[in-house]
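Following: one structure in structure tokens, then a few remarks.
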Amino acid sequence: MDQQFNVPDVEPQEPDIEEEDSGSDIKRIAKYFGFRLLALFITVVVAIYLLILVANMGGAVDDIRMGQIRENVGMQMMAMSDQMADWPAERRREYEESLVEQERRRLGLDQPFILRRVYYLRDAITLDLGRAEQMTSDAGSRRVQLIILERLPPTLILMMSYFLIMFFVALFGALFLSRRYGSKIDKLVVILAPSSAAPGWVYGIFLILIFSAVLGWLPFGGMVDAPPPRETHLYALSVLRHLILPVTALIMGGFFLTIYNWRTFFLIYSSEDYVEMAKAKGLSNRAIERRYILRPTLPPIITSFALSMIVMWMGSIILEQVFNWPGLGRMLYEAIGLFDVPVIVGGQVIYAYLLAATVFILDILYALLDPRVKMGFGSGGNK
Amino acid sequence: MLDRLKKRLKQVKQYPSVIFGITLITILIITAIVAVIVIPYEEAVLLWRGGAVWAESPRNARPTYVDWFTSEDLPRTEIIDGRDHPDKKTMESMNGVKEFEFVLPLDYQYDGFPREFNLFFEAEYEETRPHVSVKIRTPDGREFATDDFSVQRDSIRRLGQLTELRRQVDGRAPRIGIFMDPDYEDPVPLKGEYEIVVSGYLFEEDADINVRAVSYGQVHGFGGTDHRRRDLGVALLWGTPVALMFGVLAAVGANISTFIISAVGVWYRGLVDAAIQRISEVNMIIPNLPLLILVGMFYSRSLWVMLGVIIVKGVFSPAIKTYRAMFLQVRESPFIEAAESYGTSDKRIIFFYMLPKIIPTLIPQFVTVIPTYVFLEASLAVLGLGDPVLPTWGKLLNDALGEGALYMGHFYWVLQPAFLLILTGLGFAMTGFALDRVLNPRLRRQ
């Protein structure tokens, strides 16, 4: 809520900037990005390590997996009971133990966790996510990478549609409202702003109820019709039809609050002296908006939007569940149901990378929009 | 300082939305208190565990208030207990065998058929089971009779499972075939006085028997019932204290600590500040919900554990950046410099000079952030990671979505908890927004 108001930075500029560093802008920007990238990378490593610790702490998972192994071996033995009918009990038990041991070694459970977590970390960071224990990709592969790659596009389609629609609609909507401060439509938005207290998936339930269950206009969930249409354009059309409800739900979960916040922001900035000055000079409204209002407000607006994006990545897990959307969120949930640790950790790693990528893109935008970065003061939204 | 705060709070009353919000919150709090008093914790847990407690309530019945909006009179659950009609019970003893007969009256005046029709027997005997047969007499004098059967101490006879009855009503379900008007082709219930005659023999001197006839309604309770016959009203009521407690505690725990930590960072600068910043960045990269999912899967789904994780995770939340920017401004103000110059301790400066300056922003922030946690708890429950024993709104949604309530048309099941969640969200959000406008008058001058 209020979190999304980013008060412009007022930190005094660090004096340690060397004046004689008069290298080209590009060099400085590259240095800046290099540093940011390194910092983000270290952040991701630490975050992933913590997740691995949490996911495996106390050995609870190991116990569960040992139990599963024993059960599977037991089933295997049952299936082979004909061949072993004349074996003595002793030999049978030995054979069972050897099977368990074999399976244990296959899954790497025989090594101590201290070693395993280092391996896990190394593999996770290089995105070598190992093999799933239970889940398979639609093509039948056990490799976590492939499973995730298969589930990534639906999530990206969903989230990108949402981000793009939301950003531009909210930006122009907020500008429009700030021009009509105090009008009826402005007051309506102010009244509706609290509606964003509920996340998208709650609205999703209502949308499914109205448009799928009662009216029957749109599908209940999923990403394409079953069976999927053969022609590409029909396929795209079908995906679009399935996209309408989830994207609308996501937008409903934040729309009025975002517009309200941004318009407040524009209003604050449009009362600055330099805007009055521009008005006095007789500049057109459009020019004032572009040069004097949008320019200084965009960096904090983008920060707030990126922060809300981070929240949205999480919100999409439940939304995907509600709408049966075959994305990362659903994968994560299915994996948890199966205690498939590699897939869970893999999913987390991907989420951590996605968040880091969001922050990095934000940094680039910042550098483009905030002249202080170009000038070498190294200030940005993510100090 | 406090006076000013009070004066400003008085202005709050001018905003209609805040009145609405506070009214909503008050209603919720009262509901929560009532819930805890009417249904104590242990009882709520027991009720929600389900099973035999709910044997006499229907499956998937709509809430009673649905009846107010339909022109038809929807059937409710009718329980006719033999004990309540001692005059309708006759008992004759001869040669050690007792012959008994119950005539249970059922005044059926509804426009629909019962969901189910069951007979509950409670028999007391030493060795030989009583023999019983059931006859149902309709208002127009037709009779439907079952074969003789023996009953155990506690047993249930479901009309739908008695094939001899099914034969008598042309293969229809007995609950429809018996209660329908024979003059119509389509099943229309025949209204009037029905009689359920249960007669039979007890073979022992001290043996006794009682029977309860239950005609299950299509509407039941103020919240309806679910697929396990549980009254949704219990969960709707008990969801309120759970949601409020969770939201408020999480908001207090996470927000206040964040607030203090960012002030500490700004005050000490240098390493402390840098460390706090880095930690909060790492924290931001660890996704909240998946972390909770992990905790829920591998350790405990208890509400308290989740609350603890949320608070710990929330200490270094991204809000630190917002607070930090504010504190940076405060730190440069002259009164801090003055305090420093006459030797005020660090602790005192942080807690008595810096923090109070920003409290007006904290209050609305605190109120508006409560719904986030309420919904987080619901999200976890929707994913099937709700508290294992407590009935909550999120668990209702989880059950409903899992049972395909939307596809099956059990809309009440989904709508009620979702609606309550949204109401809670609106209540806090509206109050918080209005407080924000009063306490932080950024736009006052315009």
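In what follows, every chain begins at residue 1, and chains take the letters A, B, ... in the order their sequences are listed. Computed from a predicted structure; not experimentally measured.
- Phe206(A) is not listed as a side-chain neighbour of Val414(B), based on a closest heavy-atom distance of 4.5 Å or more.
- Under the salt bridge (charged side-chain N to carboxylate O under 4.0 Å, His left out) criterion, Arg180(A) pairs with no residue at all, not counting sequence neighbours.
- Side-chain atoms of Phe375(B) and Ile318(A), non-hydrogen and from C-beta on, never get closer than 4.5 Å to each other.
- Taking CG from Leu401(B) and CG from Asn324(A), the interatomic distance works out to 10.0 Å, rounded to the nearest 0.5 Å.
- The candidate with the highest count of non-hydrogen atom pairs below 4.5 Å against chain B, out of Ala213(A), Ala193(A), Ser195(A), is Ala193(A).
- Heavy atoms closer than 4.5 Å to chain A are found nowhere in Leu385(B), neither backbone nor side chain.
- When heavy atoms are compared at a cutoff of 4.5 Å, Leu209(A) approaches chain B by way of both its backbone and its side chain.
- The CZ atom of Phe433(B) sits 13.0 Å away from atom CD1 of Ile191(A), with the distance rounded to the nearest 0.5 Å.
- Between chain B and the residues Thr43(A), Val214(A), Leu40(A), the largest count of heavy-atom pairs under 4.5 Å involves Thr43(A).
- Interface remark: Ala378(B) contributes backbone and side-chain atoms alike to the contact with chain A (heavy atom separation under 4.5 Å).
- More than 12 heavy atoms of other shown residues, nucleotides or ligands fall within 6.0 angstrom of atom CG in Leu38(A).
- Other residues, nucleotides and ligands contribute only 12 or fewer heavy atoms inside 6.0 Å of the CZ atom of Phe419(B).
- Considering every non-hydrogen atom in both Gly425(B) and Ala197(A), the closest pair reads O-CB, 3.6 Å.
- Residue contact with chain B, scored on non-hydrogen atoms closer than 4.5 Å, involves the side chain of Tyr203(A) exclusively.
- Both the backbone and the side chain of Ile205(A) come within less than 4.5 Å of a heavy atom in chain B.
- For Tyr268(B), the OH atom is densely surrounded, since the number of other residues' heavy atoms within 6.0 Å is greater than 12.
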